[in-house]
Amino acid sequence: MKTSNELKIYNSLRKEKETFKPIHESHIGMYVCGPTVYNEVHLGNCRTFMSFDIVFRYLKHLGYKVRYVRNITDVGHLVGDVDTGSEGKIAKRARLEKLEPMEIVQKYTNSFHKVMAKFNTLPPSIEPTATGHIIEQIEMVQSIIDNGYGYEVNGSVYFDVQKLVSEGKIHDHIYGHLSGKKQEDLFTATRDDLKNQGEKRHPSDFAIWVKAAPNHIMRWQSPWSEGFPGWHLECSAMSTKYLGDRFDIHGGGLDLQFPHHENEIAQNMGACGCAPVNYWMHANMLLLNGKKMSKSKGNSILPKELFDGGHKMFEDDRGYSPMTVRFFMLQAHYRSELNITQEGLDAAEKGYARLMHANQTLDKLDYLGKETITKKDTELLALLAEANELAVALATYNAEGIQASPKIFLATAFASFALLNKLEKLVNPLVKNYEQNHSKNDLGKTLWSIQEFVANTIQQLLDMNNTLRQLPVQLNKFLELDLEHLLGDEASQTKRLRGQFKGFEKKMAHLVEQLTNLNQHNAIVSDPALAREDAIRSNLNGFYEKMNDDFHTPSAIANLFELSKQINQIKKCQLHGTKNLSLATFNRLQNTFSTLIFEVLGLKDETLSMNDDGDTLDQVLQMLIKMRQDARQNKDFATSDKIRNELHKLGIQLHDNKTETTWEKI
RNA sequence: GGUCGGGUGGCCGAGUGGUUAGGCAGAGGUCUGCAAAACCUUGUACGUCAGUUCGAAUCUGGUCCCGACCUCCA
């Protein structure tokens, strides 16, 4: 297992995980390509932004000051359709909806923010728009031209990719490296049905300023023509403006790797002479029906359709809450494809609830102290060690051995009997208690209160099953021997010995059987406190190790589930009066768990009613719970069940346990 | 066609040259007036064919299948 304290990030630039070293010690610049606001964001878009929300949150959690810039693309992006000429997506949408382009932009920007808020993603530090940075973009085009990487044709300006490629490595970067494109491919790959192909010097060149066609609505004045900035320019201009010529992290969807990000680098190289980004991160695609989710291909699902239910992909009309969806996505690594299915969402829903319940349980837990190891524990442990020694010792005896050292043999044999008796003395009360109180509360109490430490030794005892069974087998072998003769002077003891042999095997078999039985009925929990301390510590540490491993949320969540199990066990132990945890570990768990869930993973507890009426609602419910308790006391189960069932219909689930009844929204 | 990535148990989804991912679902048990939750135990696995190796699901090669990018897309 990797036990690195260093954050490692998979860098698309070099196709490997690298230790993250920020440019400035404590301040990090991160740029993520945002949405084009000409339509509702679909769920695939959301996945990318949630992935980088995790990056943002975790970096902040580690103590970095992060400037997170995510743009809103509110101009450009020509639709590929040849019939529409050079019309942009936003302009086209504006025409279809009979609105101003800026009305379209505002409408879908608002909607985007609303959706992202539902998913509980933090807003970026700066959210610049392309139309708000036309001047910066024009300046960048000018710089690119001035540096000899851009050329103007008929009012449009193109980036001279060939020139950049011909210069080879510039400041450790080669065009095409990010997307893994070979230079020969770049020369031939580009299809020739693109607009204005004829104006380019080379097929791989791309527009950085486009002269607007007469029917184009969105247009600005520039030194070259009335037009609009090229497809990739805004990110270069705005990242430079807010994060500088060089910054730490640039993120986006994998589908932007080429050509968008490749060209972004080219533009920065052209304008500033340096590669802008140290760590390129790419989030993988969300799949629907095994194919990339995509608006243009009609293979997409909107967040709203998922929340409200009724989407055609689901059998029933049920929906899934934003946090269920978020959790679903966090259970896959951001660099893996994720196929969205109903079964997957169902599983996520339950897993998410499990985590929330554990957190609520932990929240209410008080520290009850820690018991030291009891006398009983040490006794049993010592006996186990003794049993082992005796078994080993007896196994070495043969006829010659007995004759050579009769006294030692006798001592060993009698010690075995003594051991059996002592074990019985310790175990029998447990068995007796179990048998007498088979379905009584005391059973649990008694058995839990013997301390898990004892439980563990019993487990060890069972593990030694074979060894223990060997004891009588070994002794029986000696019955075949002429002990009187072999033992000589000690022969007077043999009568007693033979007598004890007879019952030994039976007794031992019985003891082992009883223990096995107890264990199978889960009367004894094989989960010692010592192991618990360890489990809690290692899983808390594990969370950080996994997150440090390229933000590996699925593995980190596995650690949280392990912690959930521990929390539930602590609760169960406490109900049975067992105190089993050190204060330090308890405090650490209670202080950290919710932080990891809420602050780092960005989940919210939807199972609690945290609205304005929460207090009142709770009071009302406490009243009903009290009434129901009274009914139950009086064995009036008809009434108690009615209360519970009626509440259930209203979406309130009651949970009974030994000491109290709790409620939650479902 | 070119480039790249992947094929893991009923489902989702990690990881690894020999040692538990995890969640959901399934089976058995404990607790419980009954539920719910929780706890304990548990089965099923690494597309296919060959090779390297003491040992491969993990490495190599062939093969089949799927996906992404090459055209706006997160």
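Order of the sequence lines fixes the chain letters, A, B, ..., with proteins taken first and strands second; residue numbering starts at 1 for each chain.
Atom NZ in A/Lys291 sits roughly 12 Å away from atom P in B/rC69 (whole-Å rounding). One atom, CG of A/Asp255, and another, P of B/rG67, lie 17 Å apart when rounded to the nearest Å. The separation between A/Asn284 atom CG and B/rG7 atom P is 12 Å, rounded to whole Å. A/Leu596 has its CG atom 19 Å from the P atom of B/rG22, to the nearest Å. Put simply, NZ on A/Lys572 is 6 Å from C1' on B/rA38, counting in whole angstrom units. One atom, NE2 of A/His42, and another, P of B/rC72, lie 16 Å apart when rounded to the nearest Å. The CG-P distance, from A/Asn568 to B/rC40, rounds to 9 Å in whole Å. Here B/rG22 presents its P atom at 25 Å from CE of A/Met329, a figure rounded to the nearest Å.
Here B/rC39 is the nucleotide among B/rA74, B/rC39, B/rA21 with the atom lying nearest to any side-chain atom of A/Gln569. Among the nucleotides B/rG23, B/rA14, B/rA68, the one closest to the side chain of A/Gln331 is B/rG23. For A/His333, counting side-chain heavy atoms from C-beta on, the closest listed nucleotide (B/rA14, B/rA25, B/rC40) is B/rA14. Counting only heavy atoms from C-beta on, A/Phe258 has its side chain closest to B/rC70 among B/rG33, B/rC70, B/rC73. When each of B/rA74, B/rC12, B/rA14 is scored by its nearest atom to the side-chain atoms of A/Leu256, the top-ranked nucleotide is B/rA74. Closest to the side chain of A/Phe637, out of B/rG33, B/rG67, B/rG22, is B/rG33. For A/Leu338, the listed nucleotide lying nearest its side chain is B/rG13; candidates were B/rC73, B/rG13, B/rA68.
In this view, A/Leu338 and A/Arg47, A/Leu286, A/Phe328, A/Met329, A/Ala332 satisfy the side-chain contact (heavy atoms from CB on, under 4.5 Å) rule, not counting sequence neighbours.
Residue side chain A/Lys350 does not reach the base of B/rC24 through any donor-acceptor N/O pair under 3.5 Å, judged by distance alone. Taking only distance into account, the side chain of A/Asp641 meets the base of B/rG33 through a donor-acceptor pair shorter than 3.5 Å.
With A/Glu606 contributing its side chain and A/Met323 its backbone, the two residues share a donor-acceptor pair below 3.5 Å.
Contact annotation: A/Lys292 side-chain N/O to B/rC73 OP1/OP2 distance is not under 4.0 Å. A close approach under 4.0 Å does not occur between any side-chain nitrogen or oxygen of A/Ser555 and OP1 or OP2 of B/rG22. For B/rA74, one of the phosphate oxygens OP1 or OP2 lies less than 4.0 angstrom from a side-chain nitrogen or oxygen of A/Asn45. Applying the 4.0 Å criterion to OP1 and OP2 of B/rC4, one finds that A/Gln257 has every side-chain N and O outside that range.
Heavy atoms of A/Lys635 sit nowhere under 4.0 angstrom from any nucleic acid atom. As judged by a 4.0 angstrom heavy-atom cut-off over every strand, A/Gly251 is placed among residues making no nucleic acid contact. Contacts of A/Ser640 with the nucleic acid, taken as non-hydrogen atoms under 4.0 Å apart, include base atoms. In this structure, A/Glu349 reaches neither bases nor backbone, as no heavy-atom distance under 4.0 Å exists between it and the strands shown. Heavy atoms of A/Gly44 sit under 4.0 angstrom from at least one base atom. Using a 4.0 Å heavy-atom criterion, one finds that A/Ala332 contacts the sugar-phosphate atoms exclusively.
Environment of NZ in A/Lys295: crowded, with over 12 heavy atoms of neighbouring residues, nucleotides or ligands closer than 6.0 Å. When the shell of 6.0 Å around NZ of A/Lys635 is examined, it contains 12 or fewer heavy atoms from other residues, nucleotides or ligands.
In summary, the aromatic rings of A/Phe49 and A/Phe112 are positioned with their centroids under 6.0 Å apart.
Stacking between A/Phe49 and B/rA74 is absent: the ring centroid is not both under 5.5 Å from the six-membered base ring centre and under 30° in plane angle.
B/rU8 and B/rU20 have their C1' atoms separated by 16 Å, given to the nearest Å. Atom P of B/rC59 sits at a distance of 24 Å from the matching atom of B/rA68, rounded to the whole Å. Nucleotides B/rA50 and B/rG13 place their P atoms 30 Å apart, quoted to the nearest Å. For the C1' atoms, the distance from B/rU42 to B/rG61 is 39 Å, rounded to whole Å. Using C1' as the reference atom, B/rA57 and B/rG6 are 15 Å apart when rounded to the nearest Å. For the C1' atoms, the distance from B/rU19 to B/rC11 is 27 Å, rounded to whole Å. Taking the C1' atoms as reference points, B/rA25 lies 38 Å from B/rG62, given to the whole Å. B/rG10 sits 29 Å from B/rG5 when the P atoms are compared, rounded to a whole Å.
Using a cutoff of 4.0 Å between basic side-chain nitrogens and carboxylate oxygens, A/Arg70 and A/Asp53 are not scored as salt-bridged. In summary, A/Asp641 and A/Arg644 engage in a salt bridge, as defined by a charged side-chain N under 4.0 Å from a carboxylate O.
Helical stems in RNA chain B, defined as runs of 3 or more consecutive Watson-Crick or G-U wobble pairs with both donor-acceptor distances under 3.5 Å, are listed by first residue as B:1-7 with B:64-70, B:10-12 with B:22-24, B:26-30 with B:38-42, B:47-51 with B:59-63.
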Contact list (N/O, under 3.5 angstrom) for nucleotides 35-37 of chain B vs protein:
from	atom 1	to	atom 2	distance (Å)
B/rA35	N1	A/Asp656	N	3.4
B/rA35	N3	A/Arg644	NH1	2.9
B/rA36	N1	A/Asp656	O	3.0

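Judged by distance alone, the side chains of A/His357 and A/His655 never bring a donor and an acceptor atom under 3.5 Å apart. In summary, the side chains of A/Asp550 and A/Tyr334 do present a donor paired with an acceptor at a separation below 3.5 Å, with no hydrogens or angles considered. There is no side-chain donor-acceptor pair under 3.5 Å between A/Asn299 and A/Ser294.
Between A/Leu563 atom CG and A/Ile557 atom CD1 the span is 12.5 Å, to the nearest 0.5 Å. Between the CG atom of A/Leu330 and the CG atom of A/Leu601 there is a distance of 6.0 Å, given to the nearest 0.5 Å.
Nearest-nucleotide positions on RNA chain B for A/Glu343 and A/Ile557 put A/Glu343 closer to the 5' end. Each of A/Ala638 and A/His552 was assigned the nucleotide of RNA chain B with the nearest heavy atom; the assignment lying further toward the 5' end belongs to A/His552.
The one candidate from A/His260, A/Gln257, A/Glu262, A/His282 that meets the side-chain hydrogen bond (donor to acceptor under 3.5 Å, both in side chains) condition with A/Ser179 is A/Glu262.
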